[in-house]
Amino acid sequence: HSVGIIGAPFSKGQPRDGVEKGPDLIRAAGLVEKLKAQGCAVRDYGNVTFEEVANDEPIGNVKRPRAVGSANQRLSAAVHAVKNDGHTCVMLGGDHSLAIGSIQGHAAAKKDLSVVWVDAHADINTPLTSPTGNIHGQPMSYLIHELQSKIPVLPNFSWIKPCVSAKDIVYIGLRDVDPEEHHILKLLGIKVYSMTEVDRLGIAKVMEETCDYIFSKVKKPIHLSYDIDALDPSISPATGTPVVGGLTYREGIYITEHISQTGLLSAVDMVEVNPKRGRTDDEISSTVNAAVDLIRGCFGKLREGNHPADYKMP
Ligand code: ARG
Ligand code: MN
Ligand code: MN
């Protein structure tokens with residue numbers, strides 16, 4: 001695997017401080033070294049820098065639209081460059097509003113993606129349905145072709161070109177979906193494996209069906225957008241919007257192992273790690289280490305063990 005890492009230390013898609021520390025914490029937990037040790041070629045592109053936006057007044061209900069629009073435009077260019085260099089892109093957030101730039105930059109290099117969105121939340125509110133006005137609860141709405149007639153003009157958002165079809169999206173792990181979001185998911189017929197389906201089918205069947213679904217016509221590159229709050233808060237408590245009843249560590253890892261084995265993983269987001277939301281050092285390290293392990297699972301690490309193809313027994 002050839003991996004390109006981009007940090008996006010950005011938090012203005014939601015109100016809580018600390019999530020901008022995610023990229024450097026995940027690196028400090030040894031991400032690059034661990035990926036190299038499992039045989040990956042890794043290039044760390046460092047952190048994207050974001051412009052200060054003065055007078056970022058809400059537009060209707062939507063908070064900090066100019067800062068979020070501008071940050072995502074820069075991230076999009078950075079992800080596009082990593083893809084053009086031929087790597088699988090790993091975007092370390094930051095809050096989940098960054099999926100706008102990550103998916104947009106990925107689509108600019110690879111047009112026609114499928115998106116696997118692993119999250120407690122659907123993050124598909126439009127600016128007009130959002131109960132909170134936080135853009136981290138809205139990123140999918142800006143990207144889906146079928147929703148564009150419902151998206152008002154926002155400052156610094158005009159560069160966004162919708163790039164994903166509703167039929168190319170699978171959600172896994174949902175358990176906190178707003179009524180307006182639920183309506184959108186049903187209206188567009190989007191494939192959802194909520195925690196109910198994870199309970200009913202088991203994670204192995206969920207992943208088998210997920211891949212059957214996204215590969216049913218052509219094999220498109222996969223964008224995996226992984227919100228750490230998909231995992232149960234007993235494993236990843238250091239996040240802004242934890243929700244009880246989440247994926248176990250094993251289910252979370254299984255998703256990455258399965259996606260890795262498709263050979264089609266083209267970009268990964270790992271978002272919403274917020275050390276300031278951990279109450280103890282253990283809560284923080286458990287969350288950060290889970291993020292690192294999930295990324296390792298994306299790049300071939302197997303729980304059965306691995307060995308290099310050219311290994312010679314002494
Ligand atoms: N649905 C809520 C909202 O629209 C919560 C979203 C949480 N999103 C997240 N990326 N953690 O604000
Ligand atoms: Mn979430
Ligand atoms: Mn999310």
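Residue indices begin at 1 and follow the sequence shown. Whatever order the structure lists them in is the order used to number ligands and atoms, beginning at 1.
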Peer 1: Taking 4.0 angstrom as the limit and counting only heavy atoms of Gly137, give me the atoms of ligand 1 inside it, by number and element.
Peer 2: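 Here the atoms of ligand 1 in question are 4 (O), 6 (C).
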
Peer 1: Ser266 side chain to His223 main-chain N or O, any donor-acceptor pair under 3.5 Å?
Peer 2: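 The answer is no, because no donor-acceptor pair under 3.5 Å joins these two groups.
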
Peer 1: Where the Mn ion (ligand 3) is the corner point, what angle links OD2 of Asp227 with OD2 of Asp123, to 10°?
Peer 2: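 The two atoms subtend 170° at the Mn ion (ligand 3).
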
Peer 1: Return the orientation label for the His1 and Phe299 ring planes: parallel under 30°, perpendicular over 60°, tilted otherwise.
Peer 2: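 Answer is perpendicular, since the angle exceeds 60°.
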
Peer 1: Among all protein heavy atoms, pick out the one at the shortest distance from atom 4 (O) of ligand 1; state its residue, atom name and that distance to 0.1 Å.
Peer 2: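 Minimum-distance protein heavy atom for atom 4 (O) of ligand 1 reads Asn125 ND2, 3.0 Å.
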
Peer 1: Suppose I only count heavy atoms of Asp229 and a 4.0 Å limit; which atoms of ligand 1 are within that range?
Peer 2: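 Near Asp229, the atoms of ligand 1 are 11 (N).
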
Peer 1: Using a strict threshold of under 4.0 Å (side-chain N to carboxylate O), is an ion pair present between Arg200 and Glu197?
Peer 2: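 Result for this pair is yes, salt bridge flagged.
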
Peer 1: Is the centre of the Tyr171 ring less than 6.0 Å from the centre of the Tyr193 ring?
Peer 2: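 Between Tyr171 and Tyr193, the centre distance exceeds or equals 6.0 Å.
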
Peer 1: Assess whether atom CG of Asp281 is packed by more than 12 heavy atoms of other residues, nucleotides or ligands within 6.0 Å.
Peer 2: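 No, CG of Asp281 has 12 or fewer neighbouring heavy atoms, counting only those of other groups under 6.0 Å.
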
Peer 1: Polar contacts were defined as any N/O atom of the residue lying under 3.5 Å from an N/O atom of the ligand; does this apply to Thr241 and ligand 1?
Peer 2: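 Checking ligand 1 against Thr241, an N or O pair does fall under 3.5 Å apart.
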
Peer 1: If the Mn ion (ligand 3) is the vertex, what is the angle to OD2 of Asp119 and ND1 of His96, rounded to 10 degrees?
Peer 2: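 With the Mn ion (ligand 3) as the vertex, the angle is close to 100°.
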
Peer 1: Would Glu181 count as a contact residue for ligand 1, given that I'm defining contact as a non-hydrogen atom of the residue lying under 4.0 Å from a ligand atom?
Peer 2: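 Contact check Glu181 vs ligand 1: positive.
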
Peer 1: May I ask you to check whether His121 brings an N, O or S atom to under 2.8 Å from the Mn ion (ligand 3)?
Peer 2: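 For His121, the answer is no, given that no N, O or S atom comes within less than 2.8 Å of the Mn ion (ligand 3).
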
Peer 1: Can Ser102 and Asp269 be counted as having a side-chain donor-acceptor contact under 3.5 angstrom?
Peer 2: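 Yes, Asp269 and Ser102 have a side-chain donor paired with an acceptor closer than 3.5 Å.
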
Peer 1: Can you confirm whether more than 12 heavy atoms, excluding those of Lys110, are under 6.0 Å from its NZ atom?
Peer 2: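 Incorrect, the count does not exceed 12.
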
Peer 1: Could you verify whether a donor N or O on one side chain and an acceptor N or O on the other, from Gln138 and Tyr142, lie under 3.5 Å apart?
Peer 2: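 Side-chain D/A pair, Gln138 to Tyr142: present.
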
Peer 1: Looking at the Mn ion (ligand 2), is one of the N, O or S atoms of Glu272 less than 2.8 Å from it?
Peer 2: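 Under 2.8 Å: Glu272 has no N, O or S contact with the Mn ion (ligand 2).
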
Peer 1: Starting from atom 5 (C) of ligand 1, locate the nearest protein heavy atom and write down its residue, its atom name and how far away it is, to 0.1 Å.
Peer 2: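 For atom 5 (C) of ligand 1, the nearest protein heavy atom is His121 CD2, 4.0 Å.
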
Peer 1: When you look for heavy atoms under 4.0 Å from ligand 1, do you find them on the side chain of Glu272, its backbone, both, or neither?
Peer 2: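 Side chain only.
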
Peer 1: Taking 4.0 angstrom as the limit and counting only heavy atoms of His96, give me the atoms of ligand 1 inside it, by number and element.
Peer 2: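 Those qualifying, in numeric order: 10 (N).
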
Peer 1: Hey, is ligand 1 close enough to Ser130 that some N/O pair sits below 3.5 Å?
Peer 2: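 Not met; the criterion fails.
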
Peer 1: Return the closest protein heavy atom for atom 12 (O) of ligand 1 as residue, atom name and distance.
Peer 2: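 It is Thr132 OG1, 2.6 Å.
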
Peer 1: Enumerate the atoms of ligand 1 whose separation from the nearest heavy atom of Asp123 is less than 4.0 angstrom.
Peer 2: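 Per the distance check, 6 (C), 7 (C), 8 (N), 9 (C), 10 (N).
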
Peer 1: Need the ligand 1 atom indices (1-based, order shown) with element for anything under 4.0 Å from a heavy-atom of Asp178.
Peer 2: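 Result: 1 (N), 2 (C), 3 (C), 4 (O).
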
Peer 1: Can you see whether Tyr45 has Arg43 sitting over its ring - NZ or CZ less than 6.0 Å from the centre and within 45° of the normal?
Peer 2: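 Pair Arg43/Tyr45 counts as cation-pi.
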
Peer 1: Test of understanding: given a 4.0 Å heavy-atom threshold, classify the contact between Asp227 and ligand 1 as side chain, backbone, both, or neither.
Peer 2: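 Just the side chain.
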
Peer 1: Counting neighbours of NE2 on His145 that are heavy atoms of other residues, nucleotides or ligands and sit closer than 6.0 Å, is the number greater than 12?
Peer 2: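 Atom NE2 in His145 is crowded, with more than 12 foreign heavy atoms closer than 6.0 Å.
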
Peer 1: Could you check whether atom CZ of Arg303 has more than 12 heavy atoms from other residues, nucleotides or ligands sitting under 6.0 Å from it?
Peer 2: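 Result for CZ/Arg303: enclosed.
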
